[in-house]
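None of the values given here were measured: they were computed from a predicted structure.
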Protein chains: 2
Amino acid sequence: MRTSSSTADTKGEPLESTLEARAELFQDAMGFSGIADREIKKLAAMATLRRFAKGQMVFEQDQPCDYFHLVASGLVKVYICSASGFRMTYLLARRGEPLNLVGPFTGDPRFLCAEAMQATDVAHISRHDFVRFVADNPILFSNIMAILSKAVDSANSRIIDMVEKRVEERLLRVLLTLLDKFGAEIRLTSAELAELAGTTVETTLRTMARLRNLGIIESERGQITIIRPASLKNPERLPLWV
Amino acid sequence: MRTSSSTADTKGEPLESTLEARAELFQDAMGFSGIADREIKKLAAMATLRRFAKGQMVFEQDQPCDYFHLVASGLVKVYICSASGFRMTYLLARRGEPLNLVGPFTGDPRFLCAEAMQATDVAHISRHDFVRFVADNPILFSNIMAILSKAVDSANSRIIDMVEKRVEERLLRVLLTLLDKFGAEIRLTSAELAELAGTTVETTLRTMARLRNLGIIESERGQITIIRPASLKNPERLPLWV
DNA sequence: TAGCCTCTATGACCACGGTCATACAAAAGC
DNA sequence: GCTTTTGTATGACCGTGGTCATAGAGGCTA
């Protein structure tokens, strides 16, 4: 199953990039608003880019967290994996989105995996550089806390969903969330949707067939198109975040 | 159902306390290690104590977060409540444990409620004072991040549990976690256990009967005693935190 | 002592969804 | 070209656990 190609701490292929390109990346990255250009430049100088092929791991569970990761292009799924192999995706990160906001502060191994879903470039900053930079720019703390706040709420909301919502409702919520983030054309397989909704491929396919019959979605291999977004309006107050 | 007695932002009864007593509270509070005595004194000077009766709300969902809360005595459950009334307890906080680490940074309303399970005293610090204090003592950031890291892992672990573990396993994990934190005598009702394990009272009672027959626990009204802790060793690597 | 509420206990019912099975189409590899 | 892998599709089965029901025991107040 594992498709990572190299040793533990040097994943992906090094990638040449200009300081300007990296600065532009951090400029409008999630959580980095309100930082002076001069400081952004410092950040860009500390960063290196690496390229990952589809299916390659950006980081794996139980490994110490030595780097802060920020997606520069492509798409990465961050998921948690149980002992029995069950996977739960809880973040689809594209350009400008960090993969691990918490990890660099403690450095401890976590239970998360990150895997490239397409050819993807990721910026790396050593955890020490990152933590020192955050300490020098306290506004980052508020930004990070705001993001963590949403992440924790989303996780708690998911717990409630798992126990009291039926699969169809969970899938609809996932689709609605994906619609907000990626638009009406969602290029994911049923297996990937299942990992987002916390169910199996079979049940996802069955439910998708029902939604298709209702005229809510259309689907072909590797792609779902939402036809009638209005019909899946989310009655839940609790936020879901992907 | 709601038993809160007063207006939104002035819950509980004001309580006289000495600066020394409050300093002692913060001294060994979770997340406040490594702070100089002089700073702790400042913190204690900003805090006020309030007393809550059993069943009283410390804060409720959808209210802006104006205060940082730290339990001084008693026991508080922090839970999330869905639209349909389903509750999921995810923190039992006793002396030295904060109720809301994230909220004060954003001030935004969250989806959490906190309710006193016994007569309880809680220290309050205005969110602005708290945020300024954290900015002045950056070590607090690392401490808070370490706590959040565990909280997020625990939430993610719970999501996995909900979807792939049976109720009996979830209950055993909850009991094991409570054993670690409170000892073998757990003074909770089946309804409270159910909210911790994400199930119903009936199923909890049925499962408890099974565990009793197996000689793993004994129980009487409002109390469970773990007889054979060894038999509920936790095979899961993922942490559960309460 | 009566009355009420909370907590515990257990039976009956059944639906949701996980598991296993088979099948086929589309893409990918050789 | 052929084979293999991946993704989609659907049927059959059935176990877990939620829901609703009833009942009794312990604790509290008047």
Side-chain angles (χ1 to χ4, degrees), chain A residues 1-3 53-55 77 82 84-88 115 117-119 159-174 186-214 217-225, chain B residues 1 3 53-55 82 84-88 115 117-119 159-174 186-214 217-225:
Chain A
M1 190 68 84
R2 298 283 170 78
T3 54
K54 176 177 178 175
K77 67 174 167 187
S82 80
S84 65
F86 190 92
R87 286 181 180 187
M88 182 84 204
E115 178 186 327
M117 299 176 75
Q118 317 165 353
I159 296 174
I160 295 267
D161 278 13
M162 288 306 147
V163 68
E164 78 158 6
K165 296 285 201 314
R166 283 174 310 169
V167 166
E168 179 162 330
E169 298 177 76
R170 298 210 300 266
L171 263 175
L172 284 174
R173 268 191 93 183
V174 167
I186 298 163
R187 301 194 54 77
L188 295 175
T189 66
S190 294
E192 289 163 337
L193 269 187
E195 288 183 11
L196 280 163
T199 181
T200 61
V201 182
E202 294 94 324
T203 302
T204 300
L205 285 163
R206 268 183 254 268
T207 308
M208 302 285 288
R210 212 153 48 226
L211 298 181
R212 219 178 309 120
N213 289 338
L214 291 172
I217 62 168
E218 283 177 356
S219 66
E220 52 191 296
R221 190 184 172 92
Q223 170 161 346
I224 296 111
T225 307
Chain B
M1 191 66 86
T3 54
K54 176 177 178 176
S82 80
S84 65
F86 190 91
R87 286 181 179 187
M88 183 82 204
E115 177 186 329
M117 299 176 75
Q118 318 166 353
I159 295 174
I160 295 267
D161 279 12
M162 288 305 146
V163 67
E164 78 159 6
K165 296 286 201 314
R166 284 175 309 170
V167 166
E168 179 161 329
E169 296 177 78
R170 298 210 301 266
L171 263 174
L172 284 174
R173 267 191 94 183
V174 166
I186 297 163
R187 302 195 53 77
L188 296 176
T189 66
S190 294
E192 290 162 338
L193 268 187
E195 289 183 10
L196 280 163
T199 181
T200 61
V201 183
E202 294 94 324
T203 302
T204 302
L205 285 164
R206 268 184 254 269
T207 308
M208 302 287 288
R210 211 153 49 227
L211 298 180
R212 220 179 307 121
N213 289 336
L214 292 172
I217 62 168
E218 283 177 359
S219 66
E220 52 191 295
R221 190 185 173 90
Q223 170 159 347
I224 296 111
T225 308

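Partners of Leu188(B) under the side chain to side chain contact (heavy atoms under 4.5 Å, CB included) rule, at least two apart in sequence or in another chain, are Leu92(B), Met117(B), Leu178(B), Ile186(B), Glu192(B), Leu193(B), Leu196(B). Taking the side chain to side chain contact (heavy atoms under 4.5 Å, CB included) definition, one finds that Glu168(B) meets it with Leu172(B), Thr207(B), Arg210(B), Leu211(B), sequence neighbours left out. With sequence neighbours excluded, the residues satisfying salt bridge (charged side-chain N to carboxylate O under 4.0 Å, His left out) with Arg166(B) are Glu169(B). Taking the side chain to side chain donor-acceptor pair (under 3.5 Å) definition, one finds that Arg187(B) meets it with Gln223(B), sequence neighbours left out. Arg212(A) pairs by the side chain to side chain donor-acceptor pair (under 3.5 Å) definition with Ser219(A), not counting sequence neighbours. Partners of Ala53(B) according to the side chain to side chain contact (heavy atoms under 4.5 Å, CB included) rule, which considers only residues two or more places apart in sequence or in another chain, are Gln56(B). With sequence neighbours excluded, the residues that form a side chain to side chain donor-acceptor pair (under 3.5 Å) with Thr203(A) are Thr200(A). Remark: Leu205(A) engages Ser190(A), Val201(A) in a side chain to side chain contact (heavy atoms under 4.5 Å, CB included) (not counting sequence neighbours).
Atom CZ of Arg206(A) sits about 10.5 Å away from atom OG1 of Thr204(A), to the nearest 0.5 Å. Residue Ile159(A) holds its CD1 atom at 11.0 Å from CD1 of Ile160(B), rounded to the nearest 0.5 Å. Here the CD1 atom belonging to Ile217(A) is positioned 3.5 Å from the CE atom belonging to Met208(A), to the nearest 0.5 angstrom. Interatomic distance, CZ of Arg170(B) versus OG1 of Thr199(B), reported as 6.0 Å (0.5 Å rounding).
Between Arg212(A) and the phosphate of dA9(D), there is a side-chain N or O to OP1/OP2 separation shorter than 4.0 Å.
The separation between Glu220(A) atom CD and dA9(D) atom P is 11 Å, rounded to whole Å. Taking atom CD on Glu164(B) and atom C1' on dG17(D), their separation rounds to 17 Å, with Å as the unit. We find that CG of Leu171(B) is positioned 15 Å from P of dT16(D), with the value rounded to whole Å.
End-to-end axis angle for the helix from dT1(C)-dA30(D) to dC30(C)-dG1(D), using five pairs per end and rounding to 10°, comes out at 40°.
Between chain B and DNA chain C, the heavy-atom contact criterion of under 4.0 Å yields a 5' to 3' nucleotide range of dT6(C) to dA12(C).
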Worksheet, complete the sentence: Protein-proximity profile, nucleotides 25-30 of chain D, B/S/- by nucleotide at the 4.0 Å heavy-atom cutoff, equals BBS---

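Residues from residues 191-205 of chain B lying near DNA chain C, meaning a heavy-atom separation below 4.0 Å, are Glu202(B), Leu205(B) in numerical order.
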